Amino acid sequence: MLPGAPYLARGDDGELRLEGHSLRALAQRHGSPLYVYSRAAMRAALGAYQRALQGRRHLLCYAMKANSNLAVLQTFAQAGCGFDIVSGGELERVLAAGGDPARVVFSGVGKTRAEIRQALATGVRCFNIESRAELDRLNDEALALGRRAPVSLRVNPDVDAGTHPYISTGLKGNKFGIAHGDALAAYRHAASLPGLEVVGIDCHIGSQITQIEPYLDAAERVLDIVAEVEAAGIALAHIDFGGGLGITYADETPPPADRLIGALLERVDARGYGARELLFEPGRSLVGNAGVLLTEVQYLKPGAAGDASAKNFCIVDAAMNDLVRPAMYDAWMAIEPCALRDGPSAHWDIVGPVCESGDWLGRDRPLCVQPGDVLAVLSAGAYGMAMASNYNTRPRAAEILLDGERAHLVRERETVRELFAGERLIPD
Ligand SMILES: *Cc1c(COP(=O)(O)O)cnc(C)c1O
């Protein structure tokens with residue numbers, strides 16, 4: 001079964017389709033590289049969380065750094081989602097997409113004064129604070145505006161999420177959160193500051209987590225801190241368990257969202273905190289398998305004849321600037337031809353035109369391809385376009401959001417002119 005099924009499927013005619021739309025036809029019409037997302041797949045992914053939380057006081061905050069296209073945000077805002085943001089820029093996107101700032105939590109270790117003022121003026125739901133220094137800065141800014149800033153402290157539960165080191169965030173050695181041993185003192189400090197109002201606690205232990213156990217371990221740690229903090233007379237109205245649930249790229253078998261939430265709720269109930277407002281910050285699991293990146297094969301460069309160790313290169317028009325996950329995390333993402341052709345397959349390294357040896361999308365992939373064929377990199381809806389750059393003066397891809405019969409162009413392909421519009425020559 002393809003990751004992204006049932007929204008992504010190959011028809012009896014060999015054509016790969018997303019939400020019923022031929023991907024080859026979309027690439028012909030809109031050019032490549034092209035990101036294509038299924039709105040139905042996003043809604044279904046969100047639905048699993050919503051079902052599991054029905055009847056509970058809760059808020060789902062989509063971690064929009066995974067995919068921040070305005071139409072994607074609009075889709076989640078219309079479905080009742082809040083947002084987890086990590087910059088002032090993301091806050092502007094929420095507002096531009098019609099999101100409600102009262103459902104926004106502001107995460108991140110490095111909030112600037114300007115970002116804090118912007119978020120206070122907009123009226124976000126909560127600041128997720130990661131250090132004492134940040135508490136002091138937020139207090140200053142809130143007092144200057146005559147406000148009390150709602151705060152939650154991100155605690156570092158020191159559990160191993162069992163994921164890639166670059167996307168593991170809940171271990172002692174990570175830059176994130178306040179060490180659990182320091183949490184009570186930090187809460188006492190927060191409660192003593194007149195510009196702050198303590199409203200909750202949060203954690204986020206990593207990304208692409210495929211097991212339930214790290215979540216349960218983190219929850220136990222967090223609930224221990226809740227008990228300790230409340231015993232000291234500081235009430236915590238909400239508990240935020242962060243995001244991080246993984247998706248299937250290859251053969252991973254992460255728990256479905258409703259099973260993860262069910263297991264967490266059981267723990268939370270057993271500890272007597274079931275009536276609290278519970279927050280979650282899913283990113284990847286809402287959008288990852290809802291999107292693909294389409295790319296056209298430019299050249300085939302087979303390895304030298306007679307050299308068994310030589311590589312075969314399939315050079316495509318998408319590159320690490322369009323999708324950096326393979327280069328950055330050594331990530332494996334399925335690559336499928338949009339239409340099947342008859343013939344023998346060979347093993348190809350799928351590489352882009354960027355001048356870096358790290359510019360690859362997949363290695364040693366058995367494929368039967370010819371120049372002009374369109375390939376789909378699957379599970380590309382999260383941390384794909386959101387991490388795209390203009391390296392090598394490459395305009396960023398266009399984005400399509402499928403919605404039933406319709407295919408909306410939700411981001412135009414960038415032009416080269418736009419890339420250097422802000423640059424200046426100096427006088428002779
Ligand atoms: C990135 C991030 C998330 C979302 O992580 P996913 O793995 O995409 O679900 C949630 N909360 C915080 C604080 C984050 O930094």
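Whatever order the structure lists them in is the order used to number ligands and atoms, beginning at 1. Residue numbers run from 1 in the order of the sequence given. Keep in mind that this is a model prediction, so the values were computed, not measured.
Electrostatic pairing of Arg117 and Asp140 does not count as a salt bridge here, judged by no charged N lying under 4.0 Å from a carboxylate O. One finds a salt bridge joining Arg125 and Glu277 here, because a Lys/Arg side-chain nitrogen approaches an Asp/Glu carboxylate oxygen to under 4.0 Å.
Any N or O atom pair closer than 3.5 Å counts here, and Ser107 shares no such pair with ligand 1. At least one N or O atom of Tyr383, backbone or side chain, sits closer than 3.5 Å to an N or O atom of ligand 1. The shortest N or O to N or O distance between Gly283 and ligand 1 is under 3.5 Å.
Side-chain atoms of Ser32 never come within 3.5 Å of backbone atoms of Ala27 as a donor-acceptor pair (strictly under, hydrogens ignored).
Of all the atoms in ligand 1, the ones that sit under 4.0 Å from a non-hydrogen atom of Gly244 are 5 (O), 6 (P), 7 (O), 9 (O). For ligand 1, the atoms lying closer than 4.0 Å to a non-hydrogen atom of Arg284 are 6 (P), 8 (O), 9 (O). In summary, the atoms of ligand 1 found under 4.0 Å from a heavy atom of Asp84, numbered by their order in the structure, are 10 (C), 11 (N), 12 (C), 13 (C), 14 (C). Less than 4.0 angstrom separates some heavy atom of Arg154 from each of these atoms of ligand 1: 13 (C). Atoms of ligand 1 found under 4.0 Å from any heavy atom of Ala63, numbered from 1 in the order shown, are 3 (C), 4 (C), 10 (C).
Annotation: cation-pi geometry satisfied between Arg325 and Tyr249 (NZ/CZ under 6.0 angstrom from ring centroid, within 45° of ring axis). The cationic atom of Lys111 (NZ for Lys, CZ for Arg) lies less than 6.0 Å from the six-membered ring centre of Phe106 and within 45° of the ring axis.
The protein heavy-atom contact nearest to atom 10 (C) of ligand 1 is Glu281 O, 3.2 Å. At the shortest separation from atom 5 (O) of ligand 1 among protein heavy atoms lies His204 CE1, 3.3 Å. The nearest protein atom to atom 14 (C) of ligand 1, hydrogens excluded, is given as Lys65 NZ, 2.8 Å; this is a heavy-atom distance. Nearest protein heavy-atom contact of atom 7 (O) of ligand 1 is Ser207 OG, 2.3 Å.
Distance check: Cys338 SG to Leu294 CG gives 5.0 Å after rounding to the nearest 0.5 Å.
With hydrogens and angles left out, the side-chain atoms of Glu19 and Tyr37 include no donor and acceptor closer than 3.5 Å. Side-chain contact check for Thr210 and Glu252: no donor-acceptor pair (N or O, by modelled atom type) lies under 3.5 Å.
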